Amino acid sequence: MPLFFIRHYKTIPHPLYKWIHSFFTLTPKPIIFSFLLYIPFLLTFLKSKIFKMDTVTRLVSSRPVVIFSRSSCSMCHTIKSLLLEFGVNPAVYELDEMTKGLEIEQALLRNGRNPIVPAVFIGGEYVGGANEIISLHLQRSLQPMLKNAGALWV
């Protein structure tokens, strides 16, 4: 194996490591060399995807209640108003006003958050969008959830 590849080989996550190892042991050398040219780009791509989800995780863990929203979304405004009426002071991230808002939106979409906004996290866990929050409120289980997360002092 060329020294160029060995330097990057150990930085790849474990499942990819096994796949690349089998690729290099079973593939003819000319094909391997052409694949090696793309390794730095592949690593940069993977690190950027991991960084985006790390950003979302960091933002979500910073406060008891976090809402990812758009400033023009009426349902987002409704959810923010509902939580403010309870006395909760949520961290609200307006994705259309953030510089990295599009990347955060894509990270939320990749993790199955559909529709993307509003995305409400309580106690670091994804609770849902507008439908789920309103349903929890009507079932009277939203307030206990907020108390358990430390967002309410009542």
Side-chain angles (χ1 to χ4, degrees), residues 4-23 35-154:
F4 166 80
F5 182 70
I6 292 174
R7 184 177 47 182
H8 296 287
Y9 201 23
K10 301 298 181 190
T11 62
I12 300 172
H14 183 64
L16 288 177
Y17 178 84
K18 287 183 177 180
W19 179 83
I20 289 175
H21 180 71
S22 64
F23 175 79
F35 178 75
L36 285 177
L37 296 175
Y38 294 102
I39 291 292
F41 301 110
L42 177 66
L43 290 174
T44 304
F45 175 76
L46 288 173
K47 286 178 184 176
S48 69
K49 297 296 182 194
I50 292 169
F51 173 76
K52 290 174 191 168
M53 202 55 221
D54 285 347
T55 303
V56 171
T57 305
R58 183 176 42 82
L59 291 173
V60 165
S61 63
S62 66
R63 300 278 294 276
V65 179
V66 176
I67 303 173
F68 290 100
S69 168
R70 281 197 201 111
S71 57
S72 61
C73 175
S74 60
M75 291 308 290
C76 297
H77 178 73
T78 303
I79 296 303
K80 289 184 276 189
S81 299
L82 175 68
L83 292 174
L84 288 172
E85 279 184 30
F86 279 134
V88 175
N89 188 17
V92 179
Y93 296 101
E94 302 286 351
L95 297 178
D96 55 344
E97 296 175 1
M98 296 175 67
T99 55
K100 301 270 184 176
L102 184 61
E103 294 174 2
I104 292 173
E105 197 171 321
Q106 290 172 351
L108 290 170
L109 184 62
R110 260 195 315 279
N111 287 328
R113 317 295 191 244
N114 197 8
I116 302 167
V117 291
V120 181
F121 292 82
I122 299 176
E125 297 292 321
Y126 176 70
V127 177
N131 291 340
E132 290 82 3
I133 296 299
I134 292 171
S135 295
L136 287 170
H137 174 57
L138 293 174
Q139 296 168 3
R140 299 178 189 260
S141 57
L142 180 60
Q143 206 165 14
M145 189 181 292
L146 292 169
K147 284 180 186 175
N148 290 339
L152 284 180
W153 295 61
V154 179

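Keep in mind that this is a model prediction, so the values were computed, not measured. Quick note: numbers below take in every heavy atom, side chains included, and nothing from hydrogens, waters or symmetry partners.
Smallest separation of non-hydrogen atoms from Ala149 and Pro64: O-CB, 3.6 Å. Across all non-hydrogen atoms, the minimal contact from Val65 to Val88 is CG2-CG1, 3.7 Å. Of all heavy-atom pairs between Pro118 and Ile67, the closest is CB-CG2, 4.3 Å.
Rounded to the nearest 0.5 angstrom, Lys100 NZ and Thr55 OG1 are separated by 7.5 Å. The CG atom of Asp96 sits 7.5 Å away from the OG atom of Ser69 when rounded to the nearest 0.5 Å. For the atom pair Ile133 CD1 and Lys80 NZ, the distance stands at 14.0 Å (nearest 0.5 Å). Once rounded to the nearest 0.5 Å, the distance linking CD of Glu97 with CZ of Arg70 reads 12.0 Å.
Residues that satisfy the salt bridge (Lys or Arg N to Asp or Glu O under 4.0 Å) test with Arg63, not counting sequence neighbours, are absent from this structure. Remark: Glu132 engages no residue in a salt bridge (Lys or Arg N to Asp or Glu O under 4.0 Å) (not counting sequence neighbours).
Side-chain contact between Ile134 and Ile79 is present, with heavy atoms from C-beta onward closer than 4.5 Å. For the pair Leu82 and Thr78, the minimum side-chain heavy-atom distance is 4.5 Å or more. Between Leu95 and Met98, some side-chain heavy-atom pair lies under the 4.5 Å cut-off.
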Indicate every side-chain donor-acceptor pair of residues 121-131 with a distance under 3.5 Å to a residue at least two apart or in another chain.
none

Please report the C-alpha distance between Leu83 and Leu146 in whole Å, then the side-chain angles of each, then the deciding distance to 0.1 Å, and finally whether the side chain to side chain contact (heavy atoms under 4.5 Å, CB included) criterion is met. CA-CA 9 Å; Leu83 292 174; Leu146 292 169; 4.0 Å; yes
Quick one, Ile116 with Phe68, criterion side chain to side chain contact (heavy atoms under 4.5 Å, CB included). Give me CA distance, side-chain angles, the key distance, then yes/no. CA-CA 8 Å; Ile116 302 167; Phe68 290 100; over 6 Å; no
